[in-house]
Amino acid sequence: MAEKSLKEQRDQRISNLQQLEEAGFEAYPYSYEAAAQAASLQEKYEGGEAGEHWDEQVTVAGRIMTFRGMGKVSFATLQDASGRIQAFFQRDTLEQYRSLKKFDLGDWIEVEGTLFKTKTGELTVQVTDFRLLVKSLRPLPDKWHGVTDKELRYRQRYLDLMVSPDTRKPFVVRSRFIALMRRYLDDLGFFEVETPVLQAIPGGAEARPFITHHNALDHDFHLRISLELYLKRLIVGGFDAVYEIGRNFRNEGLSWKHNPEYTMMELYWAGRDYLDILKLVEDMMAYILTELTGGTRITYQGTELNFTPPWPRVDFTGEVARRAGITFDLLDEPKLREWVAVHLPGGEDVPLAEQPIGQILNKLYDIYLEPHLEQPTFVMDHPLAISPLARKHRSREGVVERFEPVVMGMEIGNSFSELNDAIDQRERFEAQLALREAGDEEAHQLDEDFLTALEYGMPPTGGLGLGIDRIVMLLTDQPSIRDVILFPLMKPDD
RNA sequence: GGGCCGUUAGCUCAACCGGUAGAGCAACUGACUCUUAAUCAGUGGGUUGUAGGUUCGAGUCCUACACGGCCCA
């Protein structure tokens, strides 16, 4: 790489630091006390008039973002965590005025002084003393354009945050969203727990796991792909309402809606079924949206989304069939395979029509239903074949009590009346095992310890998982999941 | 996995049909007592992502690879 220009600038800054030390500045002070934050000062003196001076002594610390030297006076814009404020330096009143030349854009400084408004009305600190807090050894990105290279924005997010304060907004909303969700669940009497990330048998979802190794036990473990099976063990143990907010890891590709590590909220509520959970989702989302935005409608990428309860519900099998133009019962397997052979002749190694029925149903859903649902919608009552952890529907054959909330073609959650029949659960696992042996690496593994727990008896329970990142995308109008994850997964570039 | 696009100074971007790689910001020197993308004068900074190939001559054309973006199964 061509680094001469960078090296020159870095050397220059190191030399400036040495000269500041020689002039009596402490190079790396241990602490600072910013008595005031830029934003609160801006707010406090909003009504002041150009030319007005105040007596209040203030101390402000921040990063030098711009610097305008005009000979005997200079202006700098300081940026702290809250915002920006201008500082004014005068040679006549500052002993160390000449040292200002050795400060660089990006350095952190602390200034003391009084406040006034310039003739153009900008709130400014009339500096009476200043000191270095830390030197920046590298030049800042373009002060006007910021960082536009997406690769650089993701790899060096701190630069993006530093020069483009708007970058922070989705992450602030993310934090508030999670805080509000906690408040909502805590108020309902839920208990927040933490379960293992390292699992001997990764369960609760169809996904390929990451594998790691524990040296002392000399055993391979997997990073969890879901929170489900451990939270259910807690219901067996006697908790009646638990939730966890945590990271899942899935060893899959990346896309605008997939990052290999992502955040999930899962809850389990004893005594409830999936329809109770459905109401909770509607109500919780309405509560959070109202707290965040004042209403239950938001705009995502130009589309207005209405989260006002109740959200529309569509039946999985009925709606897939309707949209695909299938006139027979979707669960009539021989007819469905015939139809697929005609209408979807493709397939990777094996024609789709000859693949396991679960693959076919998932494919049809992925083609004909999910991508076409824009408004918040509950897809209800999935086929049994693709729902090995959900209990059978109380009145319909071949389907389970399950729903998935879908928005803008994205699955943002998943919920069941949880399967608590240990014998049925064993049979479901065995069916999954058969798929696994036939080559489906994403089929569920049989978790004997979980089955043991179920055999002690899990009371009737409703469960839910929500994809936090995707919901935050919707709330913040971001087109990619990578824009709501501070440090998305990147391939090392060396 | 496939297709399209991108990768040029620290940052943001130019460079016509293949003909000596430029600008703004940042940096350096100087001027300047209300600037705010400060301004003005001057200076330095490049293995054009990597490796090959075609050519008298390659940032530009070809091949492979790396990283990234968008779209598709």
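The structure displayed is predicted, hence computed values, not measured ones. Below, each value reflects all heavy atoms present in this structure, side chains not excepted, and no hydrogens, waters or symmetry copies. Naming convention: chains lettered A, B, ... in sequence-line order (proteins, then strands); numbering from 1 in each chain.
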Trainee: For rG18(B) versus rC72(B), give the span between their C1' atoms, rounded off to a whole number of Å.
Mentor: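 After rounding to an integer number of Å, I get 35 Å for this pair.
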
Trainee: Does any nucleotide pair with rC65(B) by Watson-Crick or G-U wobble geometry, both distances under 3.5 Å, and what is it?
Mentor: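 Partner of rC65(B): rG49(B).
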
Trainee: Map L105(A) and R155(A) onto RNA chain B by nearest heavy atom, then report which one ends up closer to the 5' terminus.
Mentor: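 The 5'-side residue here is L105(A).
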
Trainee: Under the rule syn = chi within 90° of 0, otherwise anti, which is rC25(B)?
Mentor: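 Anti conformation for rC25(B).
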
Trainee: Roughly how many Å is it from NE2 in H145(A) to P in rA26(B), rounded to a whole number?
Mentor: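 Computing the H145(A):NE2 to rA26(B):P distance gives 12 Å.
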
Trainee: Taking atom types as they are modelled, would you say the side chain of E151(A) forms a donor-acceptor pair with the base of rU7(B) within the 3.5 Å cutoff?
Mentor: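 Answer no: no donor N or O sits under 3.5 Å from an acceptor.
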
Trainee: Rounded to whole angstroms, how far apart are CD on Q156(A) and P on rU12(B)?
Mentor: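 My rounded result for the distance is 10 Å.
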
Trainee: To the nearest Å, how far apart are R10(A) CZ and rC11(B) C1'?
Mentor: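 In whole Å, rC11(B) C1' and R10(A) CZ are 18 Å from each other.
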
Trainee: Within the structure, does a side-chain N or O atom of R68(A) lie under 4.0 Å from either OP1 or OP2 of rU35(B)?
Mentor: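 For R68(A), the contact criterion (side-chain N or O under 4.0 Å from OP1 or OP2 of rU35(B)) is not met.
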
Trainee: If I take atom NZ in residue K7(A) and atom C1' in nucleotide rA9(B), what distance separates them, rounded to the nearest angstrom?
Mentor: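 It is 16 Å, rounded to the nearest whole Å.
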
Trainee: Taking the side chain from Y300(A) and the backbone from Q478(A), do they hold a donor-acceptor pair closer than 3.5 Å?
Mentor: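 Yes, the answer is positive, given that a donor and an acceptor are paired below the 3.5 Å cut-off.
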
Trainee: Counting the atoms with a prime plus P, OP1 and OP2 as sugar-phosphate, which does Y97(A) contact under 4.0 Å by heavy atoms, base, sugar-phosphate, or nothing?
Mentor: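 No contact at all - Y97(A) keeps every heavy atom at 4.0 Å or more from the nucleic acid.
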
Trainee: Grab the CG-P distance between L152(A) and rU8(B) for me, whole Å please.
Mentor: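 After rounding, the gap between these two atoms is 10 Å.
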
Trainee: Counting Watson-Crick and G-U wobble pairs only, both distances under 3.5 Å, name the nucleotide matched with rG1(B), or none.
Mentor: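 Per the H-bond distance test, rC72(B).
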
Trainee: Can a side chain N or O of T148(A) be found less than 4.0 Å away from OP1 or OP2 on rU12(B)?
Mentor: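 T148(A) to rU12(B) OP1/OP2: side-chain N or O found under 4.0 Å.
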
Trainee: Would you say Q355(A)'s side chain and I360(A)'s backbone share a donor-acceptor pair under 3.5 angstrom?
Mentor: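 No, the answer is negative, given that no donor and acceptor are paired below the 3.5 Å cut-off.
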
Trainee: Which nucleotide sits closest to the side chain of E122(A): rU35(B), rG68(B), rG44(B)?
Mentor: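 Of all the options, the side chain of E122(A) is nearest to rU35(B).
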
Trainee: Pick the C1' atom in rU20(B) and in rA15(B), then give their distance to the nearest Å.
Mentor: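 Rounded to whole Å, the distance is 13 Å.
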
Trainee: Ignoring hydrogens and angles, tell me if any N or O in the side chain of Q359(A) forms a donor-acceptor pair with the backbone of P356(A) under 3.5 Å.
Mentor: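 Judged by distance alone, no pair lies under 3.5 Å.
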
Trainee: Ignoring backbone atoms, establish whether K119(A) has a side-chain N or O less than 4.0 Å from OP1 or OP2 of rC34(B).
Mentor: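 Answer no for this pair, as no side-chain N or O of K119(A) is under 4.0 Å from OP1 or OP2.
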
Trainee: Between rC70(B), rU12(B), rG10(B), which nucleotide gets closest to the side-chain atoms of V147(A)?
Mentor: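 Nearest to the side-chain atoms of V147(A), counting from C-beta on, is rU12(B).
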
Trainee: Quick one: is rA66(B) close enough that its OP1 or OP2 comes under 4.0 Å of any side-chain N or O from K491(A)?
Mentor: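 False: K491(A) side-chain N/O out of range (4.0 Å or more) of rA66(B) OP1/OP2.
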
Trainee: Any donor-acceptor pair, under 3.5 Å, between the side chain of Q12(A) and the base of rA27(B), if you only look at N and O atoms?
Mentor: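 It does not, because no donor-acceptor pair links the side chain of Q12(A) to the base of rA27(B) below 3.5 Å.
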
Trainee: Check each of F67(A), Y97(A), F75(A), F130(A) against F88(A) using the ring-ring contact (aromatic ring centres under 6.0 Å, His included) test, and report the only one that passes.
Mentor: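 Of F67(A), Y97(A), F75(A), F130(A), ring-ring contact (aromatic ring centres under 6.0 Å, His included) with F88(A) is met by F75(A) alone.
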
Trainee: If we take the P atom in both rA51(B) and rU8(B), what is their distance in whole Å?
Mentor: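 Approximately 16 Å lies between the P atom of rA51(B) and that of rU8(B).
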
Trainee: Checking S5(A) against E8(A): is there a side-chain donor and acceptor pair closer than 3.5 Å?
Mentor: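 Looking only at side-chain atoms, S5(A) and E8(A) do not form any donor-acceptor pair under 3.5 Å.
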
Trainee: Partner lookup for rC56(B), please. Criteria are Watson-Crick or G-U wobble with both distances under 3.5 angstrom; report none if nothing qualifies.
Mentor: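 Check on rC56(B): paired to rG19(B), both distances under 3.5 Å.
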
Trainee: Rounded to the nearest Å, what distance is computed from the CE atom of residue M70(A) to the C1' atom of nucleotide rU35(B)?
Mentor: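 Nearest whole value for this atom pair: 5 Å.
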
Trainee: May I ask you to verify whether the side chain of D142(A) and the base of rG10(B) hold a donor-acceptor pair under 3.5 Å?
Mentor: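 It does not, because no donor-acceptor pair links the side chain of D142(A) to the base of rG10(B) below 3.5 Å.
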
Trainee: For rG42(B), what is the paired nucleotide under Watson-Crick or G-U wobble rules, both distances under 3.5 Å?
Mentor: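 Checking every strand shown, rG42(B) finds its partner in rC28(B), with both distances under 3.5 Å.
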
Trainee: Any donor-acceptor pair under 3.5 Å linking the side chain of Q126(A) with the backbone of G113(A)?
Mentor: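 A pair under 3.5 Å: no.
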
Trainee: Just the rounded figure in Å: distance from C1' of rC28(B) to CG of D104(A).
Mentor: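 Atom-to-atom, D104(A) to rC28(B), this comes out as 11 Å.
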
Trainee: Over how many whole Å does the gap from L123(A) atom CG to rU35(B) atom P extend?
Mentor: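 The answer, rounded to whole Å, is 17 Å.
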
Trainee: Who does rC34(B) pair with, Watson-Crick or G-U, both distances under 3.5 Å?
Mentor: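 By the stated definition (distances under 3.5 Å), nothing pairs with rC34(B).
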
